[in-house]
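We use all heavy atoms of the structure for the numbers below, so side chains are in, but hydrogens, waters and symmetry mates are not. In this chain, numbering begins with 1 at the start of the sequence shown.
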Amino acid sequence: MTDPGFAMTADAGKPAPRGTAPDLFDKFQPLIDQREALLSTGVTDPFNLVMERVESPTVAICNGKRTILLGTYNYMGQTFDPQVLAAGKKALDEFGSGTTGSRVLNGTYQGHRECEEALKRFYGMDHAMVFSTGYQANLGIISTMAGKDDYVILDIDSHASIYDGCALGNAQIVAFRHNDVEALEKRLKRLPAEAGKLVVLEGVYSMLGDTAPLKEMVAVSKAAGAMVLVDEAHSMGFIGEHGRGVAEEQGVLDDVDFVIGTFSKSVGTVGGFCVSNHPKFEILRLVCRPYVFTASLPPSVVATAATSIDLLRGAKDKRDHLWANSKRLHGGLKQLGFTLGTETPQSAIIAVIMPDLERGAAMWEALLQEGLYVNLARPPATPAGMTLLRCSLCALHSEEQVGEILGMFEAAGKRVGVI
């Protein structure tokens, strides 16, 4: 699904008078009205927070107040690692601030190749392609691999970048019920045997923090002759013995054709990638439009990414601590009486379900006043039209901070009347 915020809606506003060209903003009027009604209550705009200073992966100054960060996706806390910062500063000095070109022209520097080599080492795969964002990685690979005569079979709760990749490639979209293996199998059996098929799955779904049953889903996909792409954006670095994601944890990494990921979560910088063992993979560098027609990442960014990826290979202690944080926070919130997105902790994401948007926004603001930042997510970003507060834990959150967080949730929840 799309990321949280006041996203676009297809609902139209009032029609323009006959003979008058409509204002192209009219289609957003219902959303404009909803936003204005929410802000008229005096609540702080939850989608316009400014961090005045970031002190560490877990603490920032927001509105002049020390704030614990619990909504940054900085799962492994790599953003301030001394080795990562040193690599970025060195590349900035030696190669400058940017490439000013596409990867297929002047935009491939030594650092881009080193970053792709780091990805190949991390995943144990033969090929790696780096994109300027994770969004572009999905957009590029899906639109290139699945054209108008092909089928993309995807989970109904898939990220916006996955849906946009389908649209760009003009593929036939076949959606199935969230995490439903039987529904996936039924959809696959209805498709023409001779048609090209790409099944797109996510290891961890970013709204509720639940994991996919990849072992079963990959098996039925392969039985139907489909290729499989797994987006591991929210599991890379954390889930699996070596941090390779849910596919590794469930033992199907070798059966997956493409793994998509991002540098903006556990890696701690920005960018996206695809890794694969397919022998024809390298041709994608010449036919993938979001790769060919986009300027490449700055040298300092790929240097930080490559260094961070190599560090993640040996980050078992951090993974163990992050799991401990997730279990403690999930159990503590449940004990306080909050409704959570999953019965048990499945990832570093813990979703706290709110009764409605108004109380969700009030709870978000109450937490901010307590000194805690989380994400407020609302329809259409969220599944089943729910409003939720999304917490993303970091491996560098201390036991003391997790205790503080639980205390803040209790105080805010009682003040707003959520618990």
Side-chain angles (χ1 to χ4, degrees), residues 73-79 81 83-88 91 103 108-134 136-138 141 201-204 211 214 228-278 281-282 284-285 291 296-297 299-323 347-348 394-395:
Y73 292 148
N74 196 357
Y75 301 127
M76 299 299 285
Q78 298 288 86
T79 50
D81 184 278
Q83 294 181 66
V84 172
L85 296 181
R103 286 293 303 274
T108 294
Y109 286 20
Q110 179 181 336
H112 295 89
R113 289 299 192 193
E114 290 174 353
C115 188
E116 288 169 344
E117 290 299 318
L119 284 165
K120 288 191 281 185
R121 288 192 297 271
F122 184 84
Y123 282 99
M125 291 197 179
D126 296 334
H127 306 281
M129 256 174 97
V130 167
F131 291 79
S132 295
T133 64
Q136 283 188 314
N138 268 331
I141 297 299
L201 307 167
E202 295 182 52
V204 172
T211 58
L214 290 185
V228 178
L229 179 153
V230 178
D231 184 332
E232 297 276 21
H234 293 276
S235 55
M236 179 194 181
F238 170 38
I239 296 179
E241 182 182 357
H242 302 97
R244 293 170 180 164
V246 177
E248 179 190 38
E249 183 182 52
Q250 297 186 16
V252 293
L253 187 58
D254 291 340
D255 301 317
V256 171
D257 297 282
F258 307 100
V259 173
I260 296 285
T262 180
F263 297 154
S264 62
K265 312 286 189 283
S266 288
V267 178
T269 180
V270 68
F273 66 87
C274 178
V275 294
S276 175
N277 280 326
H278 198 287
F281 182 82
E282 291 298 317
L284 291 176
R285 297 185 190 276
Y291 177 90
S296 64
L297 288 169
S300 57
V301 170
V302 287
T304 57
T307 304
S308 182
I309 291 163
D310 279 337
L311 289 172
L312 290 177
R313 295 168 66 200
K316 183 180 184 304
D317 289 346
K318 292 176 78 173
R319 284 190 277 275
D320 291 344
H321 181 68
L322 183 50
W323 268 120
S347 67
C394 176

Exercise: identify the closest heavy-atom pair between [X] and [Y]:
{"X": "M76", "Y": "A315", "answer": "CE-CB, 3.8 Å"}
{"X": "S235", "Y": "V204", "answer": "CB-CG2, 3.8 Å"}
{"X": "R244", "Y": "E248", "answer": "N-OE1, 3.1 Å"}
{"X": "V259", "Y": "M125", "answer": "CG2-CE, 4.1 Å"}
{"X": "A137", "Y": "G261", "answer": "CB-O, 4.5 Å"}

Does the [X] side chain pair with the main chain of [Y], one donor and one acceptor, at a distance under 3.5 Å?
{"X": "R319", "Y": "G237", "value": "yes"}
{"X": "K120", "Y": "A128", "value": "no"}
{"X": "E232", "Y": "A247", "value": "yes"}
{"X": "D257", "Y": "L229", "value": "no"}
{"X": "T262", "Y": "G271", "value": "yes"}

Can the ring centres of F122 and F273 be said to be less than 6.0 Å apart?
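Aromatic pair excluded; centres sit 6.0 Å or further apart.
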[atom1]/[X] to [atom2]/[Y] distance, rounded to the nearest 0.5 angstrom?
{"X": "L284", "Y": "C274", "atom1": "CG", "atom2": "SG", "value": "7.5 Å"}
{"X": "E202", "Y": "D231", "atom1": "CD", "atom2": "CG", "value": "5.0 Å"}
{"X": "L311", "Y": "D81", "atom1": "CG", "atom2": "CG", "value": "5.0 Å"}
{"X": "I260", "Y": "L201", "atom1": "CD1", "atom2": "CG", "value": "12.5 Å"}
{"X": "F238", "Y": "D320", "atom1": "CZ", "atom2": "CG", "value": "9.5 Å"}
{"X": "H242", "Y": "R313", "atom1": "NE2", "atom2": "CZ", "value": "9.0 Å"}

Kindly indicate whether the side chain of [X], heavy atoms from C-beta on, has any atom under 4.5 Å from the side chain of [Y].
{"X": "I239", "Y": "S347", "value": "yes"}
{"X": "S296", "Y": "H112", "value": "yes"}
{"X": "D255", "Y": "V228", "value": "no"}
{"X": "T211", "Y": "E249", "value": "no"}

Can you list the residues that meet the ring pair (Phe, Tyr, Trp, His ring centres under 6.0 Å) rule with F131, with sequence neighbours excluded?
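With sequence neighbours excluded, F131 shows a ring pair (Phe, Tyr, Trp, His ring centres under 6.0 Å) to Y291, given in chain and number order.
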Holding to side chain to side chain donor-acceptor pair (under 3.5 Å), I want the full list of residues that pass it with E282, two or more places apart in sequence or in another chain.
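Side chain to side chain donor-acceptor pair (under 3.5 Å) list for E282, sorted by chain: H127, R285.
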Below 3.5 Å, can you tabulate the donor-acceptor pairs from side chains in residues 299-310 to any protein atom, sequence neighbours excluded?
{"from": "T304", "atom 1": "OG1", "to": "S300", "atom 2": "O", "distance (Å)": "3.3"}
{"from": "T304", "atom 1": "OG1", "to": "V301", "atom 2": "O", "distance (Å)": "2.7"}
{"from": "T307", "atom 1": "OG1", "to": "A303", "atom 2": "O", "distance (Å)": "2.9"}
{"from": "S308", "atom 1": "OG", "to": "Q78", "atom 2": "NE2", "distance (Å)": "3.1"}
{"from": "S308", "atom 1": "OG", "to": "V267", "atom 2": "O", "distance (Å)": "2.8"}
{"from": "D310", "atom 1": "OD1", "to": "R121", "atom 2": "NE", "distance (Å)": "3.4"}
{"from": "D310", "atom 1": "OD1", "to": "R121", "atom 2": "NH2", "distance (Å)": "3.2"}
{"from": "D310", "atom 1": "OD2", "to": "R121", "atom 2": "NH2", "distance (Å)": "2.9"}

Return the orientation label for the Y75 and Y73 ring planes: parallel under 30°, perpendicular over 60°, tilted otherwise.
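Tilted, since the angle between the ring planes falls between 30° and 60°.
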How are the rings of F258 and F281 set relative to one another: parallel (under 30°), tilted (30 to 60°) or perpendicular (over 60°)?
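Plane angle between 30° and 60°, so tilted.
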